[in-house]
Structures are given as structure tokens and as C-alpha cells.
Amino acid sequence: MSDATLSTVPPAAMPARRSRPPLALLTSPLLAVVLIGLWHLYVVQSGVSAFILPSPLAVWNALLELLATPSTWTHTLATVQATLAGFLIALVLGVAMGAVLAKLPWLEQTLNPFIVASQVVPKVALVPLFVVWFGFGMTSKVIIAAVIAFFPIFTGTLRGVKSVDLGHRDVMTAFNASPLQRALALDLPSSLPYILVGAEVGIVLAIIGAVIGEYLGGNLGLGYLLIAKMNAYETDMLFAVIALLTAVGFGFYIITVALRRAIIPWHESVAGPK
Amino acid sequence: MNAVTEIELAGVEKRYSVPGGGAVHALSHTDLSVRKGEFLVLLGPSGCGKTTLLRMVGGLLAPSAGQINIGGRSLWRGTARDPAALNELGMVFQDANLFPWRSIERNVALPLELRRVPRAARLDRARALCRTVGLAGFEKRWPRELSGGMRQRAAIARALAGDPEILLMDEPFGALDAMTREAMNIETQRIWMETGKTVILVTHSISEAVFLADRVVLLSPRPGRIDSIHEIELPRPRTPETQTLPAFQAHVRDLRRRLEAVS
């Protein structure tokens, strides 16, 4: 069939995105049940101390108790706030700096040794310094989260803007686009997949940053709660807080995936291979 | 044929300096005028400067010397470009270069968006152009959902969006399979005859050149320069049967002989 005849008849709607095979809807929960079962068996058979490893049932009860405690939500909110604030700061600064450095190669070359150095230094090592500078409150946590989340977003943006297709640049040049039009209509959308990958890594790192900040000081947040439960030898509660933190992380993950689908529906990572 | 000159090249040259010293003479002193409404084909082996020439006319590459006039206006002032002259140019590349994050109609409307044409007006125009190039029904699709030939149709529509006088095509069908390519040649002729644009098309296919051209400009390499200009006076519209005419084959034979001599 020639291209001419093809073009006059729109094909049927593209097949919908392949959905998760229904089998996995059955096997994934089954695997969870098996793992929890093994855990329970081990606790019962080995007689391990509840301070070391509580039984699944004990953890479940602790979780229910934790969720029923009003102060839990204050702690959760504090961690979520620090994570989001740090992440947003990292997003704005990372995208702005990445975009600027991608456009100014001389500046990138000048700053490159410093960027590499700041990438290489274990950011966790800076945490005590931030506490000295900004105290035990919210500010330290937000800054730690921002510093840790910054780099994947920054490098993602830098790489994204630099890898804008040469042919696409030619199109903008041929149609006489202004520098601002080029940035908004080409550089930004073209870099979005890179920025979003950076943001997905960044949000997870921001949670880590916030929790680490809470380890060190203050009396608020899920990180603080973890340390408090550890010091009180409430291992079942420790597990429950970990479960709650995991749920929070999972929530952030679901939001970033949904955002990716909404923002770049055209991209292979969302639409699947052709 | 209207005798008004649309594009005028006078003493145009391009040299590139090579890292480590020396220079490549991509195109030596070239004079050429293209008539309004003419279909001109630049044909030549690789390294003959045909793409360099087209990119200089298209405002993508500043000439090292000489003057390029578009509709009487000088396109280049040093490395700056005259926006009024640029508005008369629509460029089609070897790759369709559609933006994957834009639907077909929004890709076609891009040049109008850059000129700040209101949204409703530019989308109306884009949809009309989609019909012109045979893409009706595909306006809302992503580029990735279209075949190579259809993407190139969209690229032609985009080049026509700003209603330029001149269409510049840089080996537009080089990446397509033979059958699609032939269909696209017929489509290109139809679009050219319907719109009355002046067209410069670069190719290294002799039969494509003879099929489409009013005049074929043969370029030779090292340094790139115009070797000869061949008038192709075959009746329009040309069809696949045109290729069986003795006159068609004589042109192909002449060009092939000349091309072998200069390569």
C-alpha cells in the first residue's frame, strides 16, 4: 500500500497502554502473605526476643496503636512538610542552575570542579554543620533535604538542555525563534523527561534528608519518633514507624509517577515502546 | 514561466576553518538566480556543498563571502539575518524534526506560534494545511504514531504554515523507502503546482531530480561549485509513466555521465 492511500484513512485508535497482567494482581499479594508467614514462623520457632524481632501480629497491633495516636500525625506532617519544602527548593534551584549552566559553557567549565567536589562529598557529613548553623528546627531539615535532592535535579536539567536535538535547534533557527521562545518552546519541553527523572530520585532523597535531620535533633518528625522508639526498646513500634515512613514514601512515589504521566504523555517512558 | 527573480546568489562562498589549522572550501564563488515559481533541484555527490548552499539560503549558515537576496532583500548582514527575508523561507529537513511533545497540528502551527498568531487562527490554518498535505484525520496524533512518510508530510505542512514564498527542502525523502519516496515526489509536485511556491530541493538521486525539476543544478566537489545547469522541459504534471519517456531517460543518462565525470 502506498503512503498516499495510507494517509487518507486514519487507523483505528492506538491500542491502549498494555495493562499490568492480571496474574500479578494475584501473585504479588500472595508473595507478601508468604513472606509474612515465614517471618511469623521464624519468630515462633526460633524463640527470638521481641526486642530483636517482634512477630508480625505484634507489629500490626503496634501500627494500629501508632495510627490511633494523635501525635503521630503531627510527626508525619512535620516530615512531609520538611520533605516537600526541601524538594521544592531543590527543584527550583536545580532546574534554574542546570538551565543556566547548560547555556553558558564557560560558566559550567569554571564551576565544574566545584560541582564534582560537592557531588562527591557525602552530603550526610554536612548534616552536623547545618545543625550548628541553623539549629535543631525545621530550617535544618529543609536545608538538608534540599541539598541532598538538588544534585539529581540539577544534573538531569543540565543533561536535558544540553542534549536538545540539533535538528530541533535548526527548526527554531530557521523559523527565527527568539531566545525566550527557544527556551520555552524547545529547551524546556525537550528537557522535561530528564528533569522528571531527576525529580523522582530527588523526592526520595529529600525524604532521607528530612529523616536524617530529625535523627540528630529536635522533638518532631518521624525520624525523631524512630530514635525515640529505639531508645525506649519498643521494637514493635520501631517497625510500625518504618511501615508508616514507607507508606509516606510510597505516596510520594505514586504522585511523581502520576505527574510524569500528566506532564509528558508523549514520551516513550510513559507511552511505552512504539 | 514568470521571469521575476526570487532568489539571487552573487559571489557566495563558504569556508570552514578546521581545528589544527587550515580551511575547508565547502563552496567556491557561486552565482545563481532562481525564478519565482521555479522548481530548482541541487544535485551532486557528497561533499559538493549542496546542503551548505541550501543552509546558507535558509538562514542557518552565514556565508563567508557574497550576497544572498530573497525577493530583493539581502538575507545576511554579517551573521545577522533579515527577519523579513527569513519570513519568506520555509525549510524542510532530511529528518522531519517534529517536536515529539506536540500533536501534529501544533507542530504544523509552530511557525505561526513563533510569530504570535492567535491560537484559534493558527490551528485553523494548521488543520487546513494538514488537509493540503494529505494528513486529514491525523491532526491530534503524536508524531511517534505516524510513519516516516507521514511525518515528512507534516514537516512540509509546517514549512508552508507561515505562507512563505520559498520552500527549501534538504534531501527530504532520503530516509524513506523507495515506494514512499516515489509517492512523496508526486505529492511534492502536486503541492508545488497548487501553491505556486518557489522550491529549491537538494537530492543525490538523479531520477528524483529529473522527475521534479524545472532546472537541475549539478554541483561538483572539492571545492564545491556549480558544474552545469540542465533545463528539464518535460510536461507537467509528471506521473510515474513520465519516467518511461525517452526524453526523461536521456536527461537521466546525461546527468549520470556528468556526475560520474565530476565525482
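Quick caveat, the model's predicted, so the values are computed rather than measured. Residue numbering restarts at 1 for every chain, and letters A, B, ... go by the order of the sequence lines.
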ask   = If you count heavy-atom pairs under 4.5 Å between each of A:A185, A:P189, A:S178 and chain B, which one has the most?
value = A:P189
query = Can you tell if the side chain of B:W101 reaches within under 4.5 Å of the side chain of A:L186, non-hydrogen atoms only?
reply = yes
ask   = When only heavy atoms count and the cut-off is under 4.5 Å, which of residues 82-118 of chain A reach chain B?
value =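 Residues qualifying by a heavy atom under 4.5 Å from chain B are absent, so none.
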query = When only heavy atoms count and the cut-off is under 4.5 Å, which of residues 160-170 of chain A reach chain B?
reply =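 From residues 160-170 of chain A, the residues near chain B are A:D165, A:G167, A:H168, A:D170.
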request  = Below 4.5 Å from any heavy atom of chain B, which atoms of A:L192 appear? Answer side chain, backbone, both or neither.
outcome  = neither
inquiry  = As an exercise: rank B:A96, B:G58, B:P100 by heavy-atom pairs under 4.5 Å with chain A and give me the winner.
reply    = B:P100
ask   = If you draw a 6.0 Å radius around CZ in B:R236, do more than 12 non-hydrogen atoms from other residues or ligands fall strictly inside?
value =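 Enclosed: over 12 neighbouring heavy atoms sit under 6.0 Å from CZ of B:R236.
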key: A:R182 CZ: over 12 foreign heavy atoms closer than 6.0 Å   = yes
request  = Report, by ascending residue number, the residues of residues 158-178 of chain B in heavy-atom contact with chain A at a distance under 4.5 Å; give 'none' if the set is empty.
outcome  =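 Within residues 158-178 of chain B, the residues under 4.5 Å from chain A are B:R158, B:A159.
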Contact listing (chain A partner; residues 102-111 of chain B; heavy atom under 4.5 Å) =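 Counting heavy atoms that sit under 4.5 Å from chain A, the residues of residues 102-111 of chain B involved are B:R102, B:L110, B:P111.
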remark   = Result for side chain to side chain contact (heavy atoms under 4.5 Å, CB included) between A:N176 and one of B:L86, B:L114, B:D82, B:L89 points to B:L86
task = Answer with side chain, backbone, both or neither: which region of B:W142 has an atom nearer than 4.5 Å to a non-hydrogen atom of chain A?
result = side chain
Shortest non-hydrogen contact between [X] and [Y], atoms and distance:
X: A:A174; Y: B:L60; answer: N-CD2, 3.7 Å
X: A:T173; Y: B:G59; answer: CG2-O, 4.3 Å
X: B:E113; Y: A:Q181; answer: O-NE2, 4.2 Å

